[in-house]
**Q** 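Provided herewith is a single structure, encoded as structure tokens, for subsequent inquiry.
To find a chain, count down the sequence lines: A is the first, B the second, and so on, and within it residues start at 1. Here the structure is a predicted model, which means the values were calculated and not measured.
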Amino acid sequence: MPDEKPISESLPDTMTWEILNAYVDQELDPRRAALVADAVARDHGLAARVATLSKLRATAREMPPASHAPPPLALRTFAGFWSLRVMAVAASILLAVVLGSTLLWRGPAGENASRDAADAIHLEWLSDQSLPPKDAPIEFALASRFMGTLPDLSAANLRLVFLSAEPVVEGHGVFGGYVGPHGCRLGLSITPSRGGDTTIREGREPGGMLIRAWRSDGAEYAIMSHSMDPDRLDRLALIVAELVRQRGPTTDEQEIALRATETVGKACAV
Amino acid sequence: MRTVHGFSPALSAQRRHGEQRLLRRIEQHLLKNWSLLWGYALRLTGDRESASDLVQTCAVKALASASPPCDEIAARIYLFKVIRNAWIDDFRRAKVRCDDSAVKPLDGTVWNYDDRLIAEITVRQAVAQIEPVYREIIEIVDLAGFRYVEAAEILDIPLGTVMSRLSRARAALLDRITADNIRPIATDRRHAR
């Protein structure tokens, strides 16, 4: 292991990044903890670092597992169960699908300038054909309270690579951009809504973008893509609707269903 | 009465009873920590099949152990050590050494992190993207909730290395979450569509 130098040389000698981490983890002895607490109370820079560290630590500690653990020393057979379940739900949704090019997930054009600007960025992102590097960090526009509701679609080989939110009015939504291994792009828009119609609605933008939208728990959800097969988008809409509703770790059944989406319909036309 | 092996039937029954109690205790520790062990195995191996193999291997080894710890915390440490050693032995010995030597010091003096960007999805993806040696310490301390001294025992490293590695791992997480990837929404583009 090479020498591991503290991150921040700008900190006072006694208040290194390591010490702040140990302070947040409550690993310091009472005397040193009191010294750090005193320094933090007098120094805004230290206080900002401690606040960030505390939030990072708390978020990591509260993070549910990426997927459920298999039962100990037992074999699992649930693929059949899920496929039947998906078929049943898909059949019922199919009956309720409303065709139309106008969707309720977006208000009138020009009603909110920042919202329009954000939508333009989302459309630009969806239209981009380039494939981001595999280890590229998530690109942010801004943050929103809805950010925590974005689902993990990695089992469907879709990486979250782009996030943005409308910042002007508190409570405005978030847009997550996912990319497949070959550059296929999927957008998920989450905006506040008072309605409770959970029916998945189908639509197409003039530019050819396919959209599936629904409401749930005070929010309007819409997934959209230029290049994804309509059947695959339908399947993803079903799974994403369930994921955002449960707000817990992905179950084995959902993970299998996400994986199976790659075999639904034609490959992405990028 | 003594048998040819030098054990009385009563003593033998007592021993069997003791072994069964020991097995039950190990099973309890395994079940109690199963999700955490699974999560750790999943992050070590990167896929569900290998993770399943690894936790099952851990269970088999723990159940076969002649003297597992009785104390709850010691048992947790023991199980994580078993799983890590099994992984190093069976899956990734060469890779672990390679990753450990590939770690580079971080620098950065300007504090420009935006706490609003720290959310479950961003932390989860950042954890998946940082160096394995950093991912492991985050897994042990933040996700599994071990104290520094316990992490040192599991990873078989000095306490000071736990501190420095963890602090750098968190710095790496923050870099992945926020570094140079924030862009404002330009107001002059509001009529772009």
**Q** May I ask you to check whether over 12 heavy atoms, not counting those of A:Gln246, lie within 6.0 Å of atom CD?
**A** yes
**Q** Report yes or no: does B:Gln125 contribute a side-chain atom to a donor-acceptor pair with the main-chain N or O of A:Leu160 at less than 3.5 Å?
**A** yes
**Q** Are side-chain heavy atoms of B:Ile121 and A:Met63 found at a separation under 4.5 Å?
**A** no
**Q** Quick one: pull up CZ in B:Arg147 and CG in A:Asp25 and give me the separation to the nearest 0.5 Å.
**A** 7.5 Å
**Q** Between CG of B:Leu174 and OG1 of A:Thr52, what distance do you get to the nearest 0.5 Å?
**A** 6.5 Å
**Q** Tell me whether the count of non-hydrogen atoms from other residues, nucleotides or ligands lying under 6.0 Å of CZ in A:Arg61 goes above 12.
**A** yes
**Q** List the atom of A:Asn21, the atom of B:Leu166, and the distance in Å for their closest heavy-atom pair.
**A** OD1-O, 4.5 Å
**Q** Go through B:Leu143, B:Val149, B:Ile157 and name the one with the most non-hydrogen pairs under 4.5 angstrom from chain A.
**A** B:Leu143
**Q** Quick check: closest heavy atoms across A:Glu18 and B:Ser167, and the distance to 0.1 Å?
**A** CG-OG, 3.2 Å
**Q** How far apart are the closest heavy atoms of B:Ala171 and A:Trp17, and which atoms are they?
**A** CB-NE1, 3.8 Å
**Q** Using a 4.5 Å heavy-atom cutoff, which residues in residues 73-80 of chain B come close to chain A?
**A** none
**Q** Closest approach of A:Thr59 and B:Ala119, non-hydrogen atoms and distance?
**A** CG2-C, 3.6 Å
**Q** If I measure from the heavy atoms of chain B, does A:Ala51 come under 4.5 Å with its side chain, its backbone, both, or neither?
**A** both
**Q** Heavy atoms only: give me the nearest A:Glu27-B:Tyr148 pair and the separation to one decimal.
**A** OE2-N, 2.9 Å
**Q** So do the side chains of B:Arg170 and A:Arg57 get within less than 4.5 Å of each other, counting heavy atoms only?
**A** yes
**Q** Looking at A:Ala60, is its backbone amide N or carbonyl O close enough to the side chain of B:Arg124 to form a donor-acceptor pair, meaning the two atoms are under 3.5 Å apart?
**A** no
